[in-house]
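Below: the structure, in structure tokens.
Quick note on labels: first sequence line is chain A, next is B, and so on, each numbered from 1.
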Amino acid sequence: MSSVRVLVGTKKGAFVLTSDGKRQKWEVCGPHFPGWEMYHVKGSPADLERIYASQSSGWFGQLIQRSNDGGKSWEPVGNEFVYDGVAGTHMWYDGTQHPYEFKRVWHLEPSLTDPDTVYAGVEDAAMFRTVDGGKTWHELPGLRCHPTGPTWQPGAGGLGLHTILLDPVNPGRIFIAISAAGTFRSDDGGETWQPINRGLHSNFMPNPEAEVGHCVHRIAHHPSRPDVLFMQKHWDVMRSDDAGASWYEVSGNLPTDFGFPIDVHAHEPETIYVVPITSDSHHFPPEGRLRVYRSRTGGNEWEALTCGLPQRDCYVNVLREAMDVDSLDSCGVYFGTTGGQVYASADGGDSWQAIVHDLPAVLSVEVQTIQ
Amino acid sequence: MIRVVLPTHLRRLASVDGEVELDVAAPVTPRAVIDALEARYPMLRGTVRDHVTRQRRAFVRFFACQQDLSLDSPDSPLPEAVVAGREPFMIIGAIAGG
């Protein structure tokens, strides 16, 4: 019997939502770590019972929690994130150089094959890795020490490395995204990196087509076709067919191409989802109507998905980490809002129901499909 | 025996109820108390002070005997009442926000 486990990180704790394969009735477990900001909770593809969670607080700093039983119980593991060598500087909001300072872990990406290996994307932007189940973390300094590093400037939310995609076809290939430096690719397991931002255009930059400096909000790919990347940028929805070597816009008929999450259908690599948000100054859906947009053509042609979603007086946001899909035969799509709702669709987005209505603001949603 | 009061979040993290009691060799200072605390409860490393700089986190404060000791040197001797165990060394999460 198949089942689904939805891991939800919120501003005030983590929640584990479970259902059978019908995805109609849900059990809500939590809050785990009440009162803490849970930036990301993600399970290992190699061991579904192994889950890692990023727990942080403005008072008490960063912690990492690990579960070995599917989120029923947790243990704190290593939380020492120290930059390798001289931390150096990045560009501050006023254009001056600013010392690198570790603030928090935004994203945890477990290895596709080893439950003890996890990559961590942190603020100020850098990538760390553990190979011992989270006990110790070591930086992969090639990213932070990239020659463009001193030109990286934080987005409004900080200089966060927020997206990590591991390539299941090409061993050693990793894609990451940093706000607001852009997208980078490694072909050697994270030792060296190259910016992959050609084709992006950001009007707020002195050179709108510079090699780095773009505010990339999220990238996604389908595991069967990892060289095809989709991107939700600060403005613009973009696509690359060559592993990021070049990008082109696929915003098409979206009501607005500003937004945060983007994701790909589990079985249809050309079917993608975004949640358009009014603008960079109005972080809520256009016209107060919460709509997921789906393209079955890999972009450009989009349809609004509204059945079961509030179509009036809705002014929530959907953050970059707060959307995921399951891999059941009828692909499930899930997203959480800053209003504390987690919506689920068991039919690829045609219809939606709120699993929960009143959680704290949702920071992340990750789904485990248990066959 | 040094008595230490932890804020709620750190008590829960360390899985302790009430005060923590620590053996701390003289001289008893904030640094020595935190060293002993982290040795007994490794999961608290990095939560009271920074891993690298060993500086107190900005929103964590130290109190004892109705005195704010937060800005004292971490190597200053703690009050005799704390050393004798009559008063606790209090680690407080600063009140912030509206």
Side-chain angles (χ1 to χ4, degrees), chain A residues 11-14 30-38 52-67 73-88 99-105 120 122-124 126 128 130 132-139 141 360-361, chain B residues 3-20 22 30-31 33-64 68-72 74 88-98:
Chain A
K11 288 276 283 185
K12 295 290 180 185
H32 302 281
F33 324 113
W36 292 75
E37 288 186 299
M38 304 304 295
Y52 295 90
S54 170
Q55 173 184 7
S56 71
S57 149
W59 285 262
F60 308 116
Q62 178 69 48
L63 295 163
I64 300 291
Q65 297 278 349
R66 186 179 80 188
S67 174
S73 64
W74 298 85
E75 59 178 316
V77 289
N79 65 339
E80 191 165 357
F81 291 86
V82 179
Y83 294 117
D84 184 73
V86 177
Y100 253 82
E101 180 187 14
F102 172 81
K103 297 185 177 67
R104 60 178 59 82
V105 173
V122 313
E123 177 190 358
D124 289 332
F128 286 75
T130 178
D132 56 12
K135 290 178 190 157
T136 59
W137 296 87
H138 300 282
E139 188 190 8
Chain B
R3 298 160 52 201
V4 177
V5 173
L6 294 172
T8 303
H9 284 312
L10 298 190
R11 282 204 307 274
R12 185 172 290 142
L13 178 63
S15 300
V16 298
D17 293 321
E19 294 179 355
V20 171
L22 299 170
R31 187 192 306 278
V33 171
I34 304 303
D35 284 346
L37 180 71
E38 291 180 347
R40 169 87 74 84
Y41 302 102
M43 68 286 284
L44 296 182
R45 291 177 184 161
T47 63
V48 176
R49 61 184 178 183
D50 184 85
H51 276 294
V52 177
T53 66
R54 301 291 188 186
Q55 297 289 310
R56 172 182 52 82
R57 289 195 164 280
F59 289 169
V60 172
R61 309 289 291 193
F62 300 150
F63 284 80
D68 183 353
L69 308 177
S70 307
L71 301 180
D72 292 359
F89 178 74
M90 305 175 76
I91 299 173
I92 306 289
I95 295 172

Worksheet entry | chain B contact via A:Gln65 - side chain, backbone, both or neither, heavy atoms under 4.5 Å | side chain
Discussion item. I need the single residue from B:Leu13, B:Leu44, B:Thr47 that forms a side chain to side chain contact (heavy atoms under 4.5 Å, CB included) with A:Pro76. Which is it?
Written reply: B:Leu13
Item to complete: Locate the shortest heavy-atom distance separating A:Pro34 from B:Arg12; write the atom from each residue and the value.
Response: CG-NH1, 3.5 Å
Item to complete: May I ask you to name which of A:Phe81, A:Phe102, A:Trp74, A:Trp36 has the most heavy-atom pairs under 4.5 Å with chain B?
Response: A:Trp36
Worksheet item: Is it the side chain or the backbone of B:Pro7 that comes within 4.5 Å of chain A heavy atoms, both, or neither?
Response: side chain
Item to complete: Side chain from CB out, backbone as N, CA, C, O: work out which of these in B:Val48 comes under 4.5 Å of a heavy atom of chain A, or both, or neither.
Response: neither
Worksheet item: Within the side chain of A:Asn79, is there an N or O that forms a donor-acceptor pair under 3.5 Å with the backbone of B:Arg45?
Response: yes
Discussion item. Could you check whether atom NZ of A:Lys103 has more than 12 heavy atoms from other residues, nucleotides or ligands sitting under 6.0 Å from it?
Written reply: yes
Worksheet item: Side-chain donor-acceptor pair under 3.5 Å between B:His9 and A:Trp59, yes or no?
Response: no
